[in-house]
S.K.: 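Please find one structure pasted underneath; my questions will follow.
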Number of protein chains: 2
Amino acid sequence: MRALTPKGAATRQRIVEGAAKLIRDHGPANVGLDDIRAATATSKSQLFHYFPDGKADMLLAVAAHEAELVLEEQQPYLSDLTSWAQWEAWRDRVIARYAAQRRRCPLSALTAQLGLADPAVEKIITGMYTRWQRYVADGVRAVRPDADAERVATQLIGAIAGGATMLVATDDIRYLEIGLTEAIENLRRGAPGP
Amino acid sequence: MRALTPKGAATRQRIVEGAAKLIRDHGPANVGLDDIRAATATSKSQLFHYFPDGKADMLLAVAAHEAELVLEEQQPYLSDLTSWAQWEAWRDRVIARYAAQRRRCPLSALTAQLGLADPAVEKIITGMYTRWQRYVADGVRAVRPDADAERVATQLIGAIAGGATMLVATDDIRYLEIGLTEAIENLRRGAPGP
DNA sequence: TTCAAAGTGGACTGTGCAGTCCAAAATGCC
DNA sequence: GGCATTTTGGACTGCACAGTCCACTTTGAA
């Protein structure tokens, strides 16, 4: 297992990305190893070579990959929420991203189906949310030093999660638009102090 | 097919409730017909007698049952949000319910895994959300005739959905507490007019 | 009481799919 | 160039589990 030649690393990467796309499109329950094999032009033995513990192992890598992507796609705004203009740019980015992917939400799928089952996946998801919330809280402190930053950040992450959940459930983007917009507007008007 | 004797109706009901509980506890992916058979003291033939189209048919009935329960458990407050006291009682009820069930959220499981796949399940879920939102919007009109009731209701439902999603993902009730409390507080302070 | 329909028990089947195995080919280090 | 290690191909195995089948029992209406 130690030592991954460049070729091997590339294959592994191809598997993770291919699997991630399949899962996003069809849901984890409807994607088998044979689908992944076909989509990534690999063989059964390769799948188990790079992920010795099988499917669970692979889903772990997929979850880590997707979680990373979620944060990356919010950059550079997320790590620089130092003005209202940046806040609005961030909001627009988030909304645009969800509007584009519509129901194909990587986190909803992985969270609901695997979060409870596998503690390792759960750790990845919660770690991602923690980082996300820290970025947001930093932003709150930058524009509203008087506010309870953690509380506001909790509210904002919750609003996004709710918007995403409702988007998956009803294919309606307005829950996200309204929830996020109102939460930011509320902060702007003057947030609850500590 | 029509014509269900009292005994038959009771068996059917037992199956639905037993299956619902199993799915809540272990997630739809980890519950097989044999589990349901064992938990409800029935036989394979009974399962297919009452749900001729098999598992999908059964999950449909389970989804309808769970959706109904979600609304029922918010009564009598939900349909009478005519004072701030009622609003707070409703909020407390919602939070208490989720705090009690913790990660065993019937909707998260069904929504994420089946919502996208089966249009009939989706119809049940969206119908439930529509009714829910109508109740809330009626409540908004009762206490804040000047507000954009639909917009506020969208925000509130989104906040609850987000709280529930984060509860499942992180086992932390605060997203729901804070999200719902802030949204109501925001409405109370004076909501966005039309 | 009778008998048709509703309800029940549980063995059996078929298949989809995760995971195994072994042998061959490519790669990299000395 | 030669040998160990990594990478790859794909056939094979085993099982979990949805769905089938048929024989038997109970129910209820006339």
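Protein chains get the first letters and strands the later ones, always in sequence-line order, with residue 1 at the start of each.
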S.K.: Assess the side chains of A/Arg151 and A/Gln155: does a donor N or O sit below 3.5 Å from an acceptor N or O?
M.R.: no
S.K.: Rounded to the Å, how far apart are A/Leu33 CG and D/dA16 C1'?
M.R.: 15 Å
S.K.: Does a side-chain N or O from B/Thr11 land closer than 4.0 Å to OP1 or OP2 of C/dT8, or not?
M.R.: yes
S.K.: So, B/Glu185 and B/Thr181: side-chain donor and acceptor under 3.5 Å apart, yes or no?
M.R.: no
S.K.: Nearest whole angstrom, please: distance from the P of D/dA18 to the CG of B/Asp57.
M.R.: 14 Å
S.K.: Would you indicate, yes or no, if C/dA6 has its OP1 or OP2 atom less than 4.0 angstrom from a side-chain nitrogen or oxygen of B/Tyr50?
M.R.: no
S.K.: Taking CD1 from A/Ile36 and C1' from C/dC17, how many angstroms apart are they, rounded to a whole number?
M.R.: 12 Å
S.K.: Send over the distance from A/Phe51 CZ to C/dA18 C1', rounded to a whole Å.
M.R.: 15 Å
S.K.: In whole angstroms, how far is the P atom of D/dG9 from the CG atom of A/Leu47?
M.R.: 11 Å
S.K.: Can you tell me if B/Glu122 and B/Thr126 form a side-chain donor-acceptor pair at under 3.5 Å?
M.R.: no
S.K.: Set out, line by line, the N/O atom pairs under 3.5 Å between protein and nucleotides 9-13 of chain C.
M.R.:
unit_1: C/dG9; atom_1: OP2; unit_2: B/Gln46; atom_2: OE1; d: 2.8
unit_1: C/dG9; atom_1: N7; unit_2: B/Ser43; atom_2: OG; d: 3.1
unit_1: C/dG9; atom_1: N7; unit_2: B/Ser45; atom_2: OG; d: 2.4
unit_1: C/dG9; atom_1: O6; unit_2: B/Ser45; atom_2: OG; d: 3.1
unit_1: C/dG10; atom_1: O6; unit_2: B/Ser45; atom_2: N; d: 3.2

S.K.: Given C/dG7, is OP1 or OP2 found less than 4.0 Å from the side-chain N or O atoms of B/Lys7?
M.R.: no
S.K.: How many whole angstroms separate atom CZ of A/Arg14 from atom C1' of D/dT7?
M.R.: 11 Å
S.K.: Could you give the NE2-to-C1' distance, from A/His49 to D/dT7, as a whole number of Å?
M.R.: 6 Å
S.K.: Quickly work out the B/Lys55 NZ to D/dT20 P distance and round it to whole Å.
M.R.: 15 Å
